[in-house]
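For reference, the structure is listed below as structure tokens.
We number each residue from 1, following the sequence as shown. Quick caveat: nothing in here was measured; it's all calculated off a predicted structure.
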Amino acid sequence: MNLILTLLCLLPLALAAKPSPGCGKTPTLHGGNHTLLVNSKLRWLLLNLPESYTPTTPHRLVFTLHAMGGNSTMVANGEGGYLPWYGLPALASNTTTPTIYVAPNGLDRGWANREGEDITLISDIVKVLKDNLCIDENLLFSVGFSYGASMSYAIACSLAKDFRAVSMQSGGSMSGCVGGTEPIAVYGQHGIDGDLNITTARRIRDQFAQNNGCQLEETRSPALGSGAHVKVEYKGCKEGYPVTWIEYDGGHTPQPRDRGTNGTWAAVETWKFFGQFK
């Protein structure tokens, strides 16, 4: 019995797939540019489908949100400091659950979310994709840097019952928070030198650690000039609602790196967090 319990604890956080209404249908959406009328405003998004998209297989859905001054094309192409689609496709390609990526454009190149209009956009995109493509409704995610992280925070606040997890990279509360009392799996990272106000990011972290029933942690920061990052995985969280927090010695960048390394750990850590959900 003890062996069985130990093995169960080691399994990924798994739920039975929940196929969307689009499963089994001939797809009416394809990869590339799409527009959507939301609150009488024409909104634009980029969609990335697997080359071998199968309409009978439920797919993971990942929103990839740009920073202030950015746009969907920069996220998709890996321009302006981003890795393409935040570097996730290369890491997710070997998993059994295929992934669809969507990169919407914010208004005025940001995510002010005035009167909740950007949350409405996200909700409308989710509905359209669920109705027309085969999505696993238990596997919706959002990742963003800076203003995109702020919008991911707004999603965590308002759409926690729809989204499985969010990754907030050097964000804040600029997009607002309506709700914010429901549990949702949260990954966050933030620099200690020259980044946005880390006090706000820590408050957001603590908000969801509390929502998720996690034990209070005395987190540590890396020393200035160390060129390192420190990772904390909160303990005691409600099953299925983990919280991971990383502080790094560095500033405002979507690709933080440890000294002496060539690549960023941000994509690897985000995918490790998202990939645990099956």
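In the hydrophobic clustering of ILVMFWY residues, with side-chain heavy atoms under 4.5 Å counting as a link, Leu91 and Tyr82 come out together. In terms of hydrophobic clustering, with Ile, Leu, Val, Met, Phe, Trp and Tyr side chains grouped at heavy-atom distances under 4.5 Å, Val186 and Phe163 are assigned to a common cluster. Linking ILVMFWY residues whenever their side-chain heavy atoms come closer than 4.5 Å, directly or via other members, places Phe63 and Val166 in the same cluster. In the hydrophobic clustering of ILVMFWY residues, with side-chain heavy atoms under 4.5 Å counting as a link, Ile122 and Val38 come out together. Both Val126 and Tyr53 belong to a single network of hydrophobic side chains, linked directly or stepwise wherever heavy atoms of I, L, V, M, F, W or Y lie under 4.5 Å apart.
Counting only distance, with no hydrogens or angles, the side chain of Lys161 and the backbone of Ser158 share no donor-acceptor pair below 3.5 Å. Formation of a donor-acceptor pair under 3.5 Å by the Ser150 side chain with backbone atoms of Met174 is found in this model. Put simply, the side chain of Ser93 gets close to the backbone of Ala90: a donor and an acceptor are under 3.5 Å apart. Under a 3.5 Å cut-off, the side chain of Thr261 and the backbone N or O of Asp258 do form a donor-acceptor pair. Judged purely by atom type and a 3.5 angstrom limit, Thr120 uses its side chain to pair as donor or acceptor with the backbone of Gly116.
In this structure, the side chains of Asn211 and Ile184 stay at 4.5 Å or more apart for every pair of heavy atoms. Contact annotation: the side chain of Gln207 approaches that of Cys177 to within less than 4.5 Å [non-hydrogen atoms, C-beta and beyond]. Side-chain contact between Thr97 and Lys278: absent, with no pair of heavy atoms (C-beta onward) separated by less than 4.5 Å. Using a 4.5 Å cut-off on side-chain heavy atoms (C-beta onward), Met151 and Ile119 make contact. The shortest side-chain heavy-atom distance between Leu29 and Val128 falls under the 4.5 Å cut-off. Between Leu65 and Pro104, the closest side-chain pair of non-hydrogen atoms falls below 4.5 Å. When side chains are defined from C-beta on, Thr99 does not count as touching Leu88, because their heavy atoms never get closer than 4.5 Å. The closest side-chain heavy-atom distance from Leu140 to Arg164 is not below 4.5 Å.
Using a 4.0 Å cut-off between charged nitrogen and carboxylate oxygen, Glu233 and Lys231 count as a salt-bridge pair.
Remark: Lys238 engages no residue in a salt bridge (charged side-chain N to carboxylate O under 4.0 Å, His left out) (not counting sequence neighbours). For Asp131, the salt bridge (charged side-chain N to carboxylate O under 4.0 Å, His left out) partners are Lys127, not counting sequence neighbours. For Glu247, the side-chain hydrogen bond (donor to acceptor under 3.5 Å, both in side chains) partners are Arg202, Ser221, Trp245, not counting sequence neighbours. Partners of Tyr234 under the side-chain hydrogen bond (donor to acceptor under 3.5 Å, both in side chains) rule, at least two apart in sequence or in another chain, are Arg205. Legend: residues meeting side-chain hydrogen bond (donor to acceptor under 3.5 Å, both in side chains) with Ser142, ordered by chain and number and at least two apart, are Ser152. Partners of Thr28 according to the side-chain hydrogen bond (donor to acceptor under 3.5 Å, both in side chains) rule, which considers only residues two or more places apart in sequence or in another chain, are Asn132.
Residues in residues 211-233 take part in these ring-ring contact (aromatic ring centres under 6.0 Å, His included) pairs, two or more places apart or across chains: His229-Trp265. Applying the side-chain hydrogen bond (donor to acceptor under 3.5 Å, both in side chains) test to residues at least two apart or on different chains, the pairs with a partner in residues 31-49 are Lys41-Glu117, Arg43-Asp118. Among residues at least two apart or in separate chains, there is no salt bridge (charged side-chain N to carboxylate O under 4.0 Å, His left out) pair with a member in residues 172-201. For residues 136-146, every residue pair satisfying the salt bridge (charged side-chain N to carboxylate O under 4.0 Å, His left out) rule, not counting sequence neighbours, is listed here: Lys18-Glu137, Lys130-Glu137. Listed by first then second residue, pairs satisfying ring-ring contact (aromatic ring centres under 6.0 Å, His included) with a partner in residues 114-142 read Phe141-Phe274, not counting sequence neighbours. Screening residues 102-115 for side-chain hydrogen bond (donor to acceptor under 3.5 Å, both in side chains), with sequence neighbours left out, gives Ser72-Asn105.
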- Message: I'd like to know whether Glu239 forms a side-chain hydrogen bond (donor to acceptor under 3.5 Å, both in side chains) with Tyr241, so could you lay out the CA-CA distance, the side-chain angles of the two residues, the decisive distance to 0.1 Å, and finally the verdict.
- Response: CA-CA 6 Å; Glu239 184 176 359; Tyr241 297 102; over 6 Å; no
- Task: List the steps, then state whether side chain to side chain contact (heavy atoms under 4.5 Å, CB included) holds for Leu46 with Thr73.
- Result: CA-CA 8 Å; Leu46 279 172; Thr73 301; 4.1 Å; yes
- Message: For Ser146 and His252: C-alpha separation, side-chain torsions, deciding distance, then whether side-chain hydrogen bond (donor to acceptor under 3.5 Å, both in side chains) applies.
- Response: CA-CA 8 Å; Ser146 192; His252 199 57; 2.8 Å; yes
- Message: Quick one, Leu133 with Leu49, criterion side chain to side chain contact (heavy atoms under 4.5 Å, CB included). Give me CA distance, side-chain angles, the key distance, then yes/no.
- Response: CA-CA 10 Å; Leu133 297 171; Leu49 301 181; 3.8 Å; yes
- Task: Could you give me the CA-CA distance, side-chain angles and deciding distance for Val102 and Thr64, then say whether side chain to side chain contact (heavy atoms under 4.5 Å, CB included) is met?
- Result: CA-CA 6 Å; Val102 56; Thr64 55; over 6 Å; no
- Message: For Val62 and Val143: C-alpha separation, side-chain torsions, deciding distance, then whether side chain to side chain contact (heavy atoms under 4.5 Å, CB included) applies.
- Response: CA-CA 7 Å; Val62 180; Val143 55; 4.2 Å; yes
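Rounding to the nearest 0.5 Å gives a distance of 9.0 Å between CD1 of Ile204 and NE2 of His190. Taking OH from Tyr248 and CD1 from Ile246, the interatomic distance works out to 10.5 Å, rounded to the nearest 0.5 Å. Atom-to-atom distance recorded for Gln255:CD and Phe145:CZ is 10.0 Å, nearest 0.5 angstrom.
Considering His59, Glu51, Arg60 in turn, His59 is the only one that fulfils the side chain to side chain contact (heavy atoms under 4.5 Å, CB included) rule with Pro98.
Within 6.0 Å of CG in Leu216 there are 12 or fewer heavy atoms belonging to other residues, nucleotides or ligands. Other residues, nucleotides and ligands place no more than 12 heavy atoms under 6.0 Å from the CD atom of Gln210.
The minimum heavy-atom distance between His66 and Tyr86, with the atom names listed, is CA-OH, 4.3 Å. When all heavy atoms of Ala266 and Pro256 are compared, the pair lying nearest together is CB-CD, 4.0 Å. Residue Pro222 comes nearest to Ile192 through the heavy atom pair O-CD1, 3.1 Å, listed as atom of the first residue, atom of the second, then distance. Closest of all the heavy-atom pairs between Gly227 and Asp249 is N-OD2, 2.7 Å. Here the closest non-hydrogen pair linking Gly240 and Ala185 is O-CB, 4.3 Å. Closest of all the heavy-atom pairs between Phe273 and Pro242 is CZ-O, 3.5 Å.
Residues Glu269 and Ser167 have side chains that never bring a donor and an acceptor to within less than 3.5 angstrom of each other.
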